[in-house]
Amino acid sequence: AIRERFPRVQTVTGDCQARLPHPDGHFDRILAIHVLEHLPDLPATVREMYRLCDKERGVFSIVIPCEGSLAYTLARRVSARERIFERRYKQPYKWFIEREHVNRPHEILEELSPYFEVSHRRFFPFRFVPATFCNLVIGLTLTPRKRAAGAGHTFTQSCKVPHEFLVTGGAGFIGSTLVDRLLALG
């Protein structure tokens, strides 16, 4: 879909839980929108995003659901999604979503902490209430630490590609020099 809409955008497919074929520090921006909560090997993904993110000017932007929160649980109950699932499959929705969202917000934040610092955060819908219990999602802009805590070494930047970035979505990735254009798409 992206190739048809934006033919000048280079797309690459890969598994973000494994080593990707790009040099250390290759990307200025990495986006993971509703991805990290699904990954069984979250530690490997965080290490790989840290390796790929440029340590001088790189950012890692994520959006994660407040899975397990009161607001998220209530929103799921009143949405049609849970009712439709239960009616169609004649099974509780809870078992499905617990296997779908294997990482909770506090687990994701704990995993990111040794590698990235939070430079900006936004909660939705109550953006001025920085708590998971009353919000549906958290958006974070992270910057890589110059040296990962406990890693014992830093990664070198063997490639400097200005304004190239990585977008994760399931197992898909997009690299482009059109950062501003794609980020403006929301």
### Query
Taking all non-hydrogen atoms of both residues, which atom of Asn135 and which atom of Cys66 are closest, and how far apart?
O-CB, 3.2 Å
### Message
Is it the case that the side chain of Tyr50 and the backbone of Ala148 share a donor-acceptor pair, with hydrogens and angles ignored and the cut-off at 3.5 Å?
### Response
yes
### Message
Can you list everything that forms a side-chain contact (heavy atoms from CB on, under 4.5 Å) with Glu98? Sequence neighbours excluded, please.
### Response
Lys94
### Message
Counting C-beta onward and ignoring hydrogens, is there a side-chain heavy-atom pair between His34 and Val137 closer than 4.5 Å?
### Response
yes
### Summary
Grouping ILVMFWY residues whenever side-chain heavy atoms fall under 4.5 Å, the cluster of Leu70 otherwise contains Leu74
### Task
Quick one: name the residues clustered hydrophobically with Phe126, using the 4.5 Å side-chain heavy-atom rule over I, L, V, M, F, W, Y, and just say none if it's on its own.
Val129
### Query
Would Leu109 and Leu140 count as a side-chain contact (heavy atoms from CB on, under 4.5 Å) if you check the C-alpha gap in whole Å, the side-chain angles of each, and the deciding distance to 0.1 Å?
CA-CA 10 Å; Leu109 297 174; Leu140 298 170; 3.3 Å; yes
### Query
Quick one: does Arg77's side chain have a donor or acceptor within less than 3.5 Å of a partner on Thr73's backbone?
no
### side-chain contact (heavy atoms from CB on, under 4.5 Å) partners for Glu48, two or more places apart
Arg19, Leu20, Arg51, Leu52
### Query
Taking only residues two or more places apart in sequence, or in another chain, which ones meet Glu117 in a salt bridge (Lys or Arg N to Asp or Glu O under 4.0 Å)?
Arg145
### Message
List the residues meeting ring-ring contact (aromatic ring centres under 6.0 Å, His included) with His38, not counting sequence neighbours, and say none if there are none.
### Response
His101
### Task
For the residue pair Tyr93 and Phe96, categorise the inter-ring angle as parallel (less than 30°), tilted (30 to 60°) or perpendicular (more than 60°).
tilted
#### Entry: Atom of Cys16, atom of Leu39 and distance for their closest heavy-atom approach
SG-CD1, 3.8 Å
### Where Ala71 and Leu136 come nearest, the two heavy atoms and their spacing
O-CD2, 3.6 Å
### Query
Do the side chain of Asn103 and the main chain of Leu36 share a donor and acceptor less than 3.5 angstrom apart?
yes
### Listed partners of Arg76 passing salt bridge (Lys or Arg N to Asp or Glu O under 4.0 Å), at least two apart
Glu67
### Task
Give a yes or no answer on whether the side chain of Lys146 reaches the backbone of Pro144 with a donor-acceptor pair at less than 3.5 Å.
no
### Task
For Arg83, check side-chain contact (heavy atoms from CB on, under 4.5 Å) against everything at least two apart and list the hits.
Ala80, Arg87
### Query
Side-chain contact, heavy-atom cut-off 4.5 Å: Ile62 with Leu112?
yes
### Message
Starting from Val35, can I reach Val118 by hopping between I/L/V/M/F/W/Y residues whose side chains sit under 4.5 Å apart?
### Response
yes
### Task
Looking only at non-hydrogen atoms, find the nearest pair between Phe116 and Leu142 and report the distance.
CB-CB, 3.7 Å
## Note on the structure
Ile138 and Phe123 have their tightest heavy-atom pair at CG1-CE2, 3.6 Å
### Query
Does Glu111 have any salt bridge (Lys or Arg N to Asp or Glu O under 4.0 Å) partners at least two apart in sequence or in another chain, and if so, which?
none
### Query
Can you name the side-chain hydrogen bond (donor to acceptor under 3.5 Å, both in side chains) partners of Ser61, sequence neighbours left out?
Arg29
### Query
Of the non-hydrogen atoms in Asp28 and Arg57, which two are nearest, and what is the gap between them?
OD1-NE, 2.7 Å
### Message
With a 4.5 Å cut-off on side-chain heavy atoms, are Asp41 and Pro43 touching?
### Response
yes
### Task
Determine which pairs satisfy side chain to side chain donor-acceptor pair (under 3.5 Å) with at least one residue from residues 118-129, sequence neighbours left out, and list them in order.
none
### Task
Following the transitive rule for hydrophobic clusters with a side-chain heavy-atom cut-off under 4.5 Å over Ile, Leu, Val, Met, Phe, Trp and Tyr, establish whether Ile108 and Val59 coincide in one cluster.
no
### Summary
OG1 (Thr141) and CZ (Phe60) are apart, to the nearest 0.5 Å, by 11.0 Å
### Pairing residues for Tyr89 by the side-chain contact (heavy atoms from CB on, under 4.5 Å) criterion, not counting sequence neighbours
Phe85, Gln91
